[in-house]
Amino acid sequence: MDNELDGRLLALRQTVALALALSTRGNAQATDLALDILSDLRANLDNTPADSPFETPAWAVGAHDELDQITRLVQAFTGQNTDDSAA
């Protein structure tokens, strides 16, 4: 089951990244905007305060990882190599 789910997540991640890259390629400003939107999604995914005594939910950690992977793929597909988006 895990392998099937991992395969589906990989396919979804690549599809989203490819769609973003193809729709923004040739326009660096559009690519930057798409990457900013991904960054905003990641930053606002879990509204838990920084000083919360509770741990980050597993779904939020997984979503952060997926958004990071999508960002890396968009950068690779569009030829942008910025390391600050993983922060």
Side-chain angles (χ1 to χ4, degrees):
M1 179 67 173
D2 288 337
N3 289 337
E4 180 183 352
L5 182 58
D6 289 342
R8 289 180 182 196
L9 286 174
L10 177 61
L12 181 62
R13 178 188 314 134
Q14 290 175 338
T15 301
V16 169
L18 190 58
L20 283 172
L22 288 175
S23 64
T24 63
R25 75 175 180 185
N27 187 337
Q29 186 176 6
T31 302
D32 290 341
L33 180 60
L35 292 172
D36 286 345
I37 290 170
L38 285 170
S39 178
D40 288 346
L41 283 171
R42 186 185 185 285
N44 296 309
L45 188 63
D46 182 21
N47 291 330
T48 305
D51 61 349
S52 173
F54 303 107
E55 292 183 22
T56 304
W59 64 265
V61 173
H64 283 169
D65 292 342
E66 288 300 317
L67 289 170
D68 287 343
Q69 290 293 327
I70 291 170
T71 298
R72 283 189 207 110
L73 286 170
V74 169
Q75 290 171 339
F77 290 154
T78 58
Q80 290 190 353
N81 292 324
T82 58
D83 295 329
D84 60 348
S85 63

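Hydrogens, waters and symmetry mates are skipped; everything else that's a heavy atom, side chains included, is used. Every value quoted in this text rests on a predicted model; they were computed, and no experiment measured them.
- A donor-acceptor contact shorter than 3.5 Å links the side chain of T31 to the backbone of T24.
- When all heavy atoms of R42 and H64 are compared, the closest pair comes out as O-NE2, 3.1 Å.
- Rounded to the nearest 0.5 angstrom, L38 CG and T71 OG1 are separated by 4.0 Å.
- With a 4.5 Å cut-off on side-chain heavy atoms, L73 and Q14 count as touching.
- In this structure, CD1 in I37 is found 12.0 Å from CG in L67, a value given to the nearest 0.5 Å.
- Rounding to the nearest 0.5 Å places CG of N27 at 9.0 Å from CG of D32.
- Under the 4.5 Å side-chain criterion, counting only non-hydrogen atoms from C-beta, D65 is in contact with V61.
- Rounded to the nearest 0.5 Å, atoms CZ (R13) and CD1 (I70) are 7.5 Å apart.
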Side-chain donor-acceptor pairs of residues 15-23 under 3.5 Å, sequence neighbours excluded:
from, atom 1, to, atom 2, distance (Å)
T15, OG1, A11, O, 2.7
S23, OG, A19, O, 2.9
S23, OG, L20, O, 3.1

